[in-house]
Structure formats: C-alpha cells, structure tokens
Amino acid sequence: MLQEPTSAGTTGRAPAIPAVALLIYNRPRHTARVIEALRVVAPPTLFLIGDGPRPGAEGRVAEAREALRAVDWPCVIRSNLASENLGCATRVSSGLDWLFSQTDRAIILEDDCVPDPSFFRYCAELLERYADDERIMAISGNNFQRRAPRTEASYYFSRYPHCWGWATWRRAWSHYDHAMAAWPAVRDQGWLQDILGNAAAVRYWANIFDRTAAGEIDSWAYRWTLACWLQGGLTTLPAVNLVKNIGFGDEATHTRGSEETPESGALSFPLRHPPFVIRDAQADDWSEREHFRSIPPALPERILRKARRLAARLRSGAE
C-alpha cells in the first residue's frame, strides 16, 4: 500500500517564517517591490547578498543598495555585499555558500521575484515537512504549466528546480558543485539519457551544460539543476504560480525581452499534501516541450499550430 510520507508540518497552524535571503544587483525599483512583498510577512531574519558593480553600473548598484533601507520591520539583518563584480554564477553560489554556513534552511528571492504572501507559508511548511527527506532537494514557488493539474494536491513533485522564488536546506545545497566535476563522465557515459529518457532533451541539456562548464553561460542555476539531477532529487512545485518575475527587459542578465511569467496566485491552507512522492512525469514532459522547448512538438500538433497561426494572420488581414 502506498503511504503518505510522515514528517512535521501537517497541522493547520502557520509555522514561523524561516530566514529569507534577498539577492540584489542594480535594479532599485525591482528591489523596492520585493521589499514591499517581504514587509507583508516581516521575516525575522534577512540575509542580503549583492554583487559589486561592473564598470558603468556603480550608480545603479548604489541605488539598489540604498533601496534596502526600506526594510523597516524588526528583524536581524546580515549582509554580504561584494565590493567587486564577481558575475552572476560566482556571486550567487558564493552568497548561498555564505548563507548556508549560518542557517540550515532558507527562502531565496532575487530582486525581480515578487511573491504572493502564501508563498512564505508554503515554503515554511514544506521546509519542515521534508527537512530530513533527502529525496527532496528544493521547494519552488513556480508553476509555468498551462494545463490542468492531475490531482487536487497543493503541489507536485518535479525534476525541475525552478528558482524564481524557492527554498532549500544546507543538506541539499552541499551537493552544489560550481566546477561541475562530474559532468564529463555523465555526458560521455550516457547518464543524461538515463535521467531524461529523451534524445532531444539530452541534446538540449548537454549543450546547456557544456556551455555552462565552458564559461559561455554565466549561470549558477544550470549548475544547481545538474547537482539536483545527479542526486536523483525532486523539487516541489505548487499547484498555482506563487511568484511573479518582473525582471524581463533590457536591464536583465538572463531574461531579456518582453515575456513574463504567469501572474501569481495564492494557495489555500491547510496544504493538501500528495499521498506519495512520485515525480509527475506528464507535467515534466510538458515543461520540457513547452517551457524549455527542447523537444519538438508531435507532427499533428505542429500542423495544428501552423494552421492556427495562418488563420490568425488571415483574420488580422481581413480586419
């Protein structure tokens, strides 16, 4: 018989908000909006992590750090603001190393990730519930699915550690390897095929990991994804998107353009926990195909999409 995982965090009572880490760089307006969201829940401990300026960005970096003065609720503040520019991958990874040298769990937000208030309780409850369950590597506030959920649970399990608003533990972060030392063997011995089970997805992610390891992509998040996969780790993803990314645009490092994440919603409590820890492969397949776009759609679906685009153009021309 399948049994529900047993651990704490199953009552209807709201747990205390754990430490929150805020990662900033050079966007004072975005930083101010995230602080407004934090003020609603007033986390008692706040870790501030910032990169130093690139040439020409000194003024904006100073403004972003000045925006931190808006933290006006009683809390313990610990700061790690670099004087020199380390780059995205090194600054975030070194900042999280520093974070987890001081706390065993934390909620992590970047300066463009605006969470719904329910995100904090969701993270707090699941950080407690799965604290000692090494199958779970992260708690994510993201849901990019444009499809109906399979169950009525408040969250599901995924292989994708989406990190636009997330939480994790020291025990999980200890597996992060900035050097990606295992990657050549994983690639050359076919282990990525065992993880993903799809040749197109393997080609897509092998290219991503090769470029990241070579320094062509300045990303800590791809390194973290690989670390999670090498542990067979799962991430909890909420039934609704809980974090709005407002960072798309010319100022962004990785999210240039006009596309944005779905609007954030709210979870109701008490949480409805899944009765078993099984990855939702159907949802992950959708994400691989539609979010990462690593797998071409099936031929009939491609034809249907082309027909819809043609019909839309014809309609707009008629108007």
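Keep in mind that what you see is a predicted model, and the values were worked out from it rather than measured.
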Spacing of [atom1] belonging to [X] relative to [atom2] belonging to [Y], to within rounding of 0.5 Å:
| X | Y | atom1 | atom2 | value |
| --- | --- | --- | --- | --- |
| I77 | L22 | CD1 | CG | 10.5 Å |
| N80 | Q102 | CG | CD | 8.5 Å |
| T225 | L230 | OG1 | CG | 10.5 Å |
| R170 | S101 | CZ | OG | 7.5 Å |
| I278 | L234 | CD1 | CG | 10.5 Å |
| W224 | S93 | CH2 | OG | 12.0 Å |

Determine, for [X] against [Y], whether the closest basic-nitrogen to carboxylate-oxygen distance falls under 4.0 angstrom.
| X | Y | value |
| --- | --- | --- |
| R27 | D111 | yes |
| R121 | E125 | yes |
| E290 | R147 | no |

Stepwise side-chain hydrogen bond (donor to acceptor under 3.5 Å, both in side chains) check, N198 with R289: CA-CA 11 Å; N198 181 283; R289 184 177 65 251; over 6 Å; no
Derivation and outcome, salt bridge (charged side-chain N to carboxylate O under 4.0 Å, His left out), residues R105 and E128: CA-CA 9 Å; R105 66 191 68 182; E128 181 64 27; 2.9 Å; yes
Nearest heavy-atom neighbours spanning [X] and [Y]:
| X | Y | answer |
| --- | --- | --- |
| M137 | T168 | O-OG1, 2.6 Å |
| V40 | P117 | CG1-CG, 3.9 Å |
| S140 | P238 | O-CD, 3.0 Å |

Taking atom [atom1] of [X] as the centre, report whether more than 12 heavy atoms of other residues, nucleotides or ligands fall under 6.0 Å from it.
| X | atom1 | result |
| --- | --- | --- |
| E152 | CD | no |
| R33 | CZ | no |
| D132 | CG | no |
| E134 | CD | no |

[X] side-chain N/O to [Y] backbone N/O, donor-acceptor pair under 3.5 Å:
| X | Y | value |
| --- | --- | --- |
| N241 | N143 | yes |
| S219 | A221 | yes |
| S154 | R272 | yes |
| N26 | R60 | no |
| S118 | L267 | yes |
| H291 | F144 | no |
| N245 | C113 | no |
| T103 | F100 | no |

Mind checking whether [X] and [Y] have side chains closer than 4.5 Å, heavy atoms only?
| X | Y | answer |
| --- | --- | --- |
| W205 | L192 | yes |
| L127 | I139 | yes |
| V20 | F47 | no |
| L242 | N142 | no |
| T45 | C75 | no |
| R135 | F157 | no |
| C228 | L226 | no |
| V277 | I136 | yes |

Is there a continuous path of hydrophobic side-chain contacts, each under 4.5 Å between heavy atoms, that joins [X] to [Y]?
| X | Y | value |
| --- | --- | --- |
| L48 | V92 | no |
| L237 | F269 | no |
| I49 | V61 | no |
| I107 | V243 | yes |
| Y222 | W220 | no |

Between W164 and D112: side-chain donor-acceptor atoms closer than 3.5 Å: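 No, no side-chain donor-acceptor pair sits under 3.5 Å.
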CA sep, side-chain torsions, deciding dist, call: Y155, H273, side-chain hydrogen bond (donor to acceptor under 3.5 Å, both in side chains): CA-CA 7 Å; Y155 59 94; H273 299 285; 2.7 Å; yes
Partners passing side-chain contact (heavy atoms from CB on, under 4.5 Å) against W191 (at least two apart in sequence or in another chain):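 W191 satisfies side-chain contact (heavy atoms from CB on, under 4.5 Å) with V186, Q189, D194 only.
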N/O donor-acceptor pairs under 3.5 Å from side chains in residues 64-72, not counting sequence neighbours:
from, atom 1, to, atom 2, distance (Å)
R65, NH2, D51, O, 3.0
R65, NH2, A82, O, 2.7
E66, OE1, R69, NE, 3.2
E66, OE2, R69, NE, 3.0
D72, OD1, R39, NE, 3.0

CA sep, side-chain torsions, deciding dist, call: W166, T235, side chain to side chain contact (heavy atoms under 4.5 Å, CB included): CA-CA 10 Å; W166 61 297; T235 294; over 6 Å; no
Please tabulate, for the side chains in residues 207-214, all donor-acceptor contacts under 3.5 angstrom to protein atoms that are two or more places apart in sequence or on a different chain.
from, atom 1, to, atom 2, distance (Å)
D210, OD1, W183, NE1, 2.8
D210, OD1, R187, NH1, 2.7
T212, OG1, I208, O, 2.8

Verdict with supporting geometry, H30 and I246, side chain to side chain contact (heavy atoms under 4.5 Å, CB included): CA-CA 7 Å; H30 297 71; I246 60 170; 3.6 Å; yes
F119 and Y122 aromatic ring geometry - parallel, tilted or perpendicular at 30°/60° bounds: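 Tilted: the ring planes of Y122 and F119 meet at 30° to 60°.
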Trace of the side-chain hydrogen bond (donor to acceptor under 3.5 Å, both in side chains) decision for D284 with S158: CA-CA 6 Å; D284 279 357; S158 170; 2.7 Å; yes
From R159, H162, R293, Q145, residue fulfilling side-chain hydrogen bond (donor to acceptor under 3.5 Å, both in side chains) relative to S287: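 Passing option: Q145.
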Cation-pi check, R171 onto W169 ring (under 6.0 Å, within 45° of axis):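 Positive - R171 is close enough to the ring of W169 and near enough to its axis.
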Derivation and outcome, side chain to side chain contact (heavy atoms under 4.5 Å, CB included), residues T151 and Y156: CA-CA 9 Å; T151 73; Y156 69 94; 5.9 Å; no
From CA spacing to verdict: side chain to side chain contact (heavy atoms under 4.5 Å, CB included), E288, D285: CA-CA 5 Å; E288 193 67 65; D285 288 347; 5.5 Å; no
